[in-house]
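Report on one structure; see the data block that follows.
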Amino acid sequence: MFTRTIEPAFYDTDALGHINNTRLPAWFELARNDLFKLFTPDLNPKQWRLIMARMEVDYRAELFYGHDIEIRTYLTRLGNSSFTVTQEARQHGTLTNLGHTVMVQYNHQEKRAVPIEGELREALTAHLDTAPASS
């Protein structure tokens, strides 16, 4: 599991006084950088080996400005060429948001999925957790 701490900025809030729901997908993407580095260590977009096939976010509770947010990132499924990244946003230890993103290892020149094999599969397996998130 990868963990990152986000310090919300004032501009992350909305008129209702909580963190705007559009911020979660951006924070989840930022927190996936640790995972992306397993595929492209220098994060060079010209060497990118992934595409996103699906993203969903469950909003369970509000997040507020002035308090850090912990983002936990791990895999809940590892297939032949695709995998599901599950991410939890937590504030004060409470699970506030849960995200699932399906990523595919992809050859952009050939426009096709590529199997996940060898050391890369082993590295991803180290971050696999099939137990459901709990509050």
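Within 6.0 Å of CZ in Arg54 there are 12 or fewer heavy atoms belonging to other residues, nucleotides or ligands.
Nearest heavy-atom pair across Met1 and Tyr74 is CE-CD2, 4.0 Å. Residue Phe28 comes nearest to Leu98 through the heavy atom pair CE1-C, 4.3 Å, listed as atom of the first residue, atom of the second, then distance. Asn97 and Ala61 get closest at one heavy-atom pair: OD1-O, 4.3 Å. Pairing each heavy atom of Glu62 with each of Gln91, the nearest pair is O-OE1, 4.3 Å. Heavy atoms only, all atoms of each residue included: Ser82 and Ile116 are closest at N-CD1, 4.1 Å.
Atom CG of Asp12 is separated from atom CD1 of Ile6 by 9.0 Å, given to the nearest 0.5 angstrom. Of the inter-residue distances, the one linking Arg90 atom CZ with Arg60 atom CZ reads 9.0 Å to the nearest 0.5 angstrom. To the nearest 0.5 Å, the span separating CG on Leu50 from CZ on Phe83 amounts to 5.0 Å. The line from CG of Leu30 to CZ of Phe36 is 9.5 Å long, rounded to the nearest 0.5 Å. Annotation: the span from Arg23 atom CZ to Thr13 atom OG1 amounts to 10.5 Å, rounded to 0.5 Å. Within the model, atoms CD of Gln47 and CG of Asp42 stand 7.5 Å from one another, a figure rounded to the nearest 0.5 Å.
Hydrophobic clustering places Phe39 together with Met52 (ILVMFWY residues linked when any side-chain heavy atoms are closer than 4.5 Å, directly or through intermediates). Cluster annotation: Val57 and Trp27 are assigned to the same hydrophobic cluster (Ile/Leu/Val/Met/Phe/Trp/Tyr, side-chain heavy-atom contacts under 4.5 Å, transitive). When hydrophobic clusters are built by joining Ile, Leu, Val, Met, Phe, Trp and Tyr residues whose side-chain heavy atoms come closer than 4.5 Å, directly or via intermediates, Phe2 is grouped together with Met55. If you chain together hydrophobic residues whose side chains sit under 4.5 Å apart, Val104 and Leu120 never meet in one group. Placement of Leu43 and Leu38 within a single hydrophobic cluster is found when ILVMFWY residues are connected by side-chain heavy-atom separations under 4.5 Å, directly or transitively.
Aromatic pair Trp48/Tyr106: ring centres not closer than 6.0 Å.
Counting only distance, with no hydrogens or angles, the side chain of Glu88 and the backbone of Leu95 share no donor-acceptor pair below 3.5 Å. Between the side chain of Thr96 and the backbone N or O of Ala89 there is at least one donor-acceptor pair closer than 3.5 Å.
Residue Gln87 forms a side chain to side chain donor-acceptor pair (under 3.5 Å) with just one option from His100, Arg72, Arg32, and that option is Arg32. Partner Leu75 forms a side-chain contact (heavy atoms from CB on, under 4.5 Å) with one of Asp129, Leu35, Thr86, Thr125 and no other, that one being Leu35.
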request  = Run the numbers on Leu24 and Leu63 for side-chain contact (heavy atoms from CB on, under 4.5 Å), then give the verdict.
outcome  = CA-CA 10 Å; Leu24 267 299; Leu63 291 168; 3.6 Å; yes

request  = Apply side-chain contact (heavy atoms from CB on, under 4.5 Å) to the pair Thr73 and Asp34, showing each step before the final yes or no.
outcome  = CA-CA 9 Å; Thr73 302; Asp34 297 315; over 6 Å; no

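For the pair Asp68 and Glu7, the minimum side-chain heavy-atom distance is below 4.5 Å. Between Arg121 and Pro115 the shortest side-chain heavy-atom distance does not fall below 4.5 Å.
In this pair, His18 and Phe64 present their aromatic rings perpendicular. The plane angle is above 60°, beyond the 30 to 60° band.
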